[in-house]
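Everything on this sheet refers to the single structure shown next.
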Amino acid sequence: MTGKLNVSNAVAALMCAALMLLPLYSAVTGNIFILTLFTRIVIFALAAASLNLIMGYGGMMSFGHAAYLGIGGYAVGILAAEGIGSGFIQWPVALAVSALFALLIGALSLRTRGVYFIMITLAFAQMAYYIASALSRYGGDDGLTVYKRSDFAGLINLSDRNQFYYLCLACLFGGLYLIWRIVNSRFGLVVQGVRSNEQRMQAIGFHANRYRLVCFVISGTICGLAGALLANNTDFVSPAVMYWTRSGDLMVMVILGGMGSLFGPVIGTIVYLLLEELLSQFTEYSGLILGPVLLLIVLFARGGIMGLLGRMRRG
């Protein structure tokens, strides 16, 4: 981000203000659905932002990122099913398991490059999907119902729509701030340098894979947090959330908004899910319309929506 007031920054500021004021609009108009919809959007925006950290800034095209959504969600759901309802236990476990899984995937997949890296991350995500489908004790293919949301000892009531929405929004803003700090730190500059020219970075003494692996684990952990939020939002977690098509959705959200920009994934998620919701009200074949629309945006808006806004300022 820069200190200049440009179109991109103005749009990002307006978007943040609108997200913060959304519960007030919902209360005034009595439109509960819009708050429910944007709670889902905020959660997926956090997941997309975590993918942007490795894909946009690190150049790692992971096609299995949705696995962490499922892992975080199942950590909450399984603990709840076993009678452990405290969020102070559920959420750290969700983050820890997501981090460990990301460490395992990263340690193996980062030995490869290009399409091989994409296929290995996809294979691990599909493995997680089939493992979750085989957990008959926890619903198997039918998924797992979370009968009670995480309990934070009365500090916050996740059953209250407004409180839960603001918690999700705080997690999103906190995640974006963490990503901004990482990207602008020495560590983040090294990761971006490795993306641009790995051989040169290694020649001057940086161990490329170590930096990439740490970045990969951080990204997976943030997405695991989104998974914990998603399980509480839907009161349900299913293996379907880890399927490869969901990872594809996350990639589209990042590319649509603008890879390598802080608020790009958030804007991309809003546009993508709003289009999906709007088109589904008119036809059950919304994908036939949504696909070409997204294709046109990607083809003619190089750098995504944020890139288009940047060119508007220069033009």
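The basis for the numbers below is simple: all heavy atoms, side chains too, and nothing from hydrogens, waters or symmetry mates. Being a predicted model, the structure only gives us computed values, none of them experimental.
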Q: Kindly indicate, with the supporting measurements, whether the criterion side-chain hydrogen bond (donor to acceptor under 3.5 Å, both in side chains) is fulfilled by T39 and N233.
A: CA-CA 8 Å; T39 300; N233 182 51; 4.9 Å; no
**Q.** Intermediate values then yes/no, side-chain hydrogen bond (donor to acceptor under 3.5 Å, both in side chains), Y177 and R181
**A.** CA-CA 6 Å; Y177 176 71; R181 288 296 301 268; 2.9 Å; yes
Q.
Hydrophobic clusters here meaning ILVMFWY residues chained together by side-chain heavy-atom distances under 4.5 Å, can you tell me if F33 and L35 are in one?
A. yes
Q.
Would you say that C215 contacts L53 through its side chain, given a criterion of any heavy-atom pair below 4.5 Å between the two side chains?
A. yes
**Q.** Check: Q163 side chain, N157 main-chain N or O, donor-acceptor pair, under 3.5 Å
**A.** yes
Q | Backbone N/O of G188 and side chain of Q192: donor-acceptor pair under 3.5 Å | A | yes
Q) Do other residues, nucleotides or ligands put more than 12 heavy atoms under 6.0 Å from Q199 CD? A) no
Q: Please check if the side chain of R149 supplies one atom and the backbone of V146 the other of a donor-acceptor pair under 3.5 Å.
A: no
**Q.** Enclosure of F88 CZ (heavy-atom neighbours >12, cutoff 6.0 Å)
**A.** yes
Q: Answer yes if I34 and I43 sit in the same cluster of Ile, Leu, Val, Met, Phe, Trp and Tyr residues linked by side chain heavy atoms under 4.5 Å apart, and no otherwise.
A: yes
Q. Does N184 use its side chain to pair, donor to acceptor, with the backbone of W180 at less than 3.5 Å?
A. yes
(Q) side chain to side chain contact (heavy atoms under 4.5 Å, CB included) for V194 and F206? Distances and angles first, verdict last. (A) CA-CA 9 Å; V194 170; F206 292 104; 5.5 Å; no
Q. What pairs with T221 under side-chain contact (heavy atoms from CB on, under 4.5 Å), at least two apart in sequence or on another chain?
A. L95, A99, V217
Q | Check ion pair E277-R40 (N to O, under 4.0 angstrom) | A | no
**Q.** Atom CE of M15: over 12 foreign heavy atoms under 6.0 Å
**A.** yes
Q) Taking the side chain from S185 and the backbone from I182, do they hold a donor-acceptor pair closer than 3.5 Å? A) yes
Q | Backbone of G193 reached by a side-chain donor or acceptor of N197 within 3.5 Å | A | no
**Q.** Flag side-chain contact, heavy atom, 4.5 Å: F63 against M55
**A.** no
Q.
For Y211 together with F187, are the ring centres under 6.0 Å from each other?
A. yes
Q. Are any side-chain N or O atoms of T121 and backbone N or O atoms of F117, one a donor and one an acceptor, separated by less than 3.5 Å?
A. yes
Q: Check for a donor-acceptor pair, side chain of R195 on one end and backbone N or O of V190 on the other, with a separation under 3.5 Å.
A: no
Q: Determine whether L110 and M60 make a side-chain contact, defined as any pair of heavy atoms from C-beta on separated by less than 4.5 Å.
A: yes
Q) If you draw a 6.0 Å radius around CE in M127, do more than 12 non-hydrogen atoms from other residues or ligands fall strictly inside? A) yes
Q) Just by distance, do the side chain of S219 and the backbone of S50 share a donor-acceptor pair under 3.5 Å? A) yes
Q. Are Y25 and N31 close enough, and set up right, to give a side-chain hydrogen bond (donor to acceptor under 3.5 Å, both in side chains), and what steps lead you there?
A. CA-CA 8 Å; Y25 171 81; N31 189 345; 5.0 Å; no
Q | Member of I222, T269, L230 meeting the side-chain contact (heavy atoms from CB on, under 4.5 Å) criterion with L46 | A | I222
Q.
Does R113 have more than 12 heavy atoms from other residues, nucleotides or ligands lying within 6.0 Å of its CZ?
A. yes
Q: Run the ring-centre check on Y138 versus Y74 and record whether the distance is less than 6.0 Å.
A: no
Q | Test item: side-chain donor near acceptor, Y272 and D249, under 3.5 Å | A | yes
Q) Do side-chain atoms of T234 reach the backbone of F236 as a donor and acceptor pair under 3.5 angstrom? A) yes
Q. Does the ring center of W244 lie less than 6.0 Å from the ring center of Y129?
A. no
Q: For the pair D151 and S86, evaluate side-chain hydrogen bond (donor to acceptor under 3.5 Å, both in side chains) and give the outcome as yes or no after the intermediate values.
A: CA-CA 5 Å; D151 177 29; S86 173; over 6 Å; no
